[in-house]
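The block underneath contains the structure these notes are about, expressed in structure tokens.
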Amino acid sequence: MIKTGIFGGSFNPIHRGHLALASSLLKKAGLDEVWLMVTPQNPWKSQDNLLDDEQRLRLTRAAVEGIPGLVASDFEFHLPKPSYTWDTLQALAHDYPDRRFSLLLGGDNWAKFGQWYEHDKILAHHDIVVYPRKGSPIDRTSLPPNVRVVRMRLINISSTEIRERIRQGLPFEDLVPPPVYQIIRSDNLYR
């Protein structure tokens, strides 16, 4: 079985923090690959300022190119919207029977995991790896056996901040990988 972590997100745009987190989770969770699952419609987020799906995928592919173990995925583009994690995991298990999928979640998402669609089924069938997020403490004493917390450095970069910097004409090249910076600049994205 190929151990594959699913790191879902809008990646609007993908930034250095996402890549550092995915690379760290790959090692610390003992995974063979981390799939950065570009989400077309997150049921928890507003669609305001959301770049087109294909553009976000293009940025994500450019960001992970040449990084061993990291894969940009458009799998959810082919599923009904909005994208519910249980539906995605079911479809992945069906299409990739040679893989064991783990869900990679920030502490902020773990805090509201009990409100997720079919959260009990996700817990019953998949391992979950939780990583820290600022302002979202994790109570380790109440974690189910298949949920583990990995220790890692908090990375304080947000896609919202990057979009705002672009709109204001402020520098942002140190926050995103060089190929992402080039595409955003050449295609005049987020203006």
Using the rule that Ile, Leu, Val, Met, Phe, Trp and Tyr join whenever any side-chain heavy atoms are under 4.5 Å apart, tell me whether Ile67 and Ile155 fall into a single cluster.
yes

Does the plane of the ring in His125 sit parallel, tilted or perpendicular to the ring in Trp86? Use 30° and 60° as the thresholds.
tilted

Of all the heavy-atom pairs spanning Leu104 and Phe7, show the shortest one and how long it is.
CD1-CB, 4.0 Å

Show the nearest heavy-atom pair for residues Leu19 and Ala63, with the distance to one decimal.
CD1-O, 3.7 Å

So CD1 of Ile14 and CG of Leu36: to nearest 0.5 Å the spacing works out to 5.0 Å

Side-chain contact test, heavy atoms from C-beta onward, threshold under 4.5 Å: evaluate it for Val130 versus Val150 and give yes or no.
no

Do you know the tightest heavy-atom contact between Leu79 and Ala91?
CD2-CB, 3.9 Å

Short side-chain to backbone donor-acceptor contact, Arg148 and Ala29, under 3.5 Å
yes

Count the heavy atoms belonging to other residues, nucleotides or ligands that lie under 6.0 Å from CG of Asp120, then report whether that count exceeds 12.
yes

Arg133 side chain near Asn109 side chain, heavy-atom distance below 4.5 Å
no

With a 6.0 Å cut-off (strictly less than), is the heavy-atom count around CZ of Arg167, excluding the residue itself, greater than 12?
yes

Between Leu175 and Arg16, is a side chain to side chain contact (heavy atoms under 4.5 Å, CB included) present by the stated rule, with each step listed?
CA-CA 6 Å; Leu175 303 176; Arg16 289 183 184 273; 5.9 Å; no

Would you say Leu189 and Pro13 make side-chain contact, with heavy atoms under 4.5 Å?
no

Single hit among Met37, Arg99, His126, Glu76 for side-chain contact (heavy atoms from CB on, under 4.5 Å) with Leu92
Met37

Show, in sequence, the C-alpha distance, side-chain angles and deciding distance for Ile128 and Ser102, and conclude whether the side chain to side chain contact (heavy atoms under 4.5 Å, CB included) test is met.
CA-CA 6 Å; Ile128 298 176; Ser102 298; over 6 Å; no

Sequence neighbours excluded, which residues qualify as salt bridge (charged side-chain N to carboxylate O under 4.0 Å, His left out) partners of Arg100?
Asp127

OG on Ser23 to CE on Met152, rounded to 0.5 Å
10.0 Å

Shortest non-hydrogen pair, Asp53 vs Pro40, comes out as OD2-CB, 3.4 Å

Side-chain heavy atoms of Trp116 within contact of Leu123, under 4.5 Å
no

In this structure, CD1 of Ile166 is separated from CZ of Arg191 (nearest 0.5 Å) by 7.0 Å

Atom of Arg140, atom of Val149 and distance for their closest heavy-atom approach
NH2-CG1, 3.3 Å

Side chains of Leu25 and Val129 in contact at under 4.5 Å (non-hydrogen atoms)
yes

Show every ring pair (Phe, Tyr, Trp, His ring centres under 6.0 Å) that has at least one partner inside residues 164-191, sequence neighbours left out.
Phe172-Tyr181

For residues Thr160 and Arg163, determine if any side-chain heavy atom of one lies less than 4.5 Å from a side-chain heavy atom of the other.
yes

Mind telling me whether Phe75 and Tyr96 have parallel, tilted or perpendicular rings, with 30° and 60° as the class edges?
tilted

Return yes when atom CD of Glu161 has more than 12 non-hydrogen atoms of other residues, nucleotides or ligands closer than 6.0 Å, and no otherwise.
yes

Backbone N or O of Pro171 within a donor-acceptor pair of the Arg165 side chain at under 3.5 Å?
yes

Flag side-chain contact, heavy atom, 4.5 Å: Thr4 against Leu31
no

Is it possible for you to say whether Ile2 and Val34 belong to one hydrophobic cluster, with membership spreading through side-chain heavy-atom contacts below 4.5 Å?
no

For the pair Tyr117 and Tyr84, name the ring-plane relationship: parallel under 30°, tilted 30 to 60°, perpendicular over 60°.
tilted

From Asn12 CG over to Leu59 CG, what is the distance, rounded to the nearest 0.5 angstrom?
9.0 Å

Nearest heavy atoms of Asp139 and Leu143, plus distance in Å:
O-CG, 3.7 Å

Quick one, Gln115 and Lys112 - any side-chain contact, counting heavy atoms below 4.5 Å?
yes

In terms of hydrophobic clusters joined by side-chain contacts under 4.5 Å, are Leu154 and Trp110 together?
no

Count the heavy atoms belonging to other residues, nucleotides or ligands that lie under 6.0 Å from NE2 of His78, then report whether that count exceeds 12.
yes

Within the distance-only criterion (no hydrogens, no angle test), does the side chain of Asp74 pair as donor or acceptor with the backbone N or O of Phe77 below 3.5 angstrom?
no

So does Leu51 get a backbone contact from the side chain of Arg56, meaning a donor-acceptor N/O pair under 3.5 Å?
yes

If we ignore hydrogens and angles and just use 3.5 Å, is the side chain of Ser24 paired with the main-chain N or O of Ala20 as donor and acceptor?
no

Nearest-0.5 Å distance, CD of residue Gln55 to CD1 of residue Ile183:
10.0 Å

Rounded at 0.5 Å granularity, tell me how far CD1 in Ile162 sits from CG in Leu170.
12.5 Å

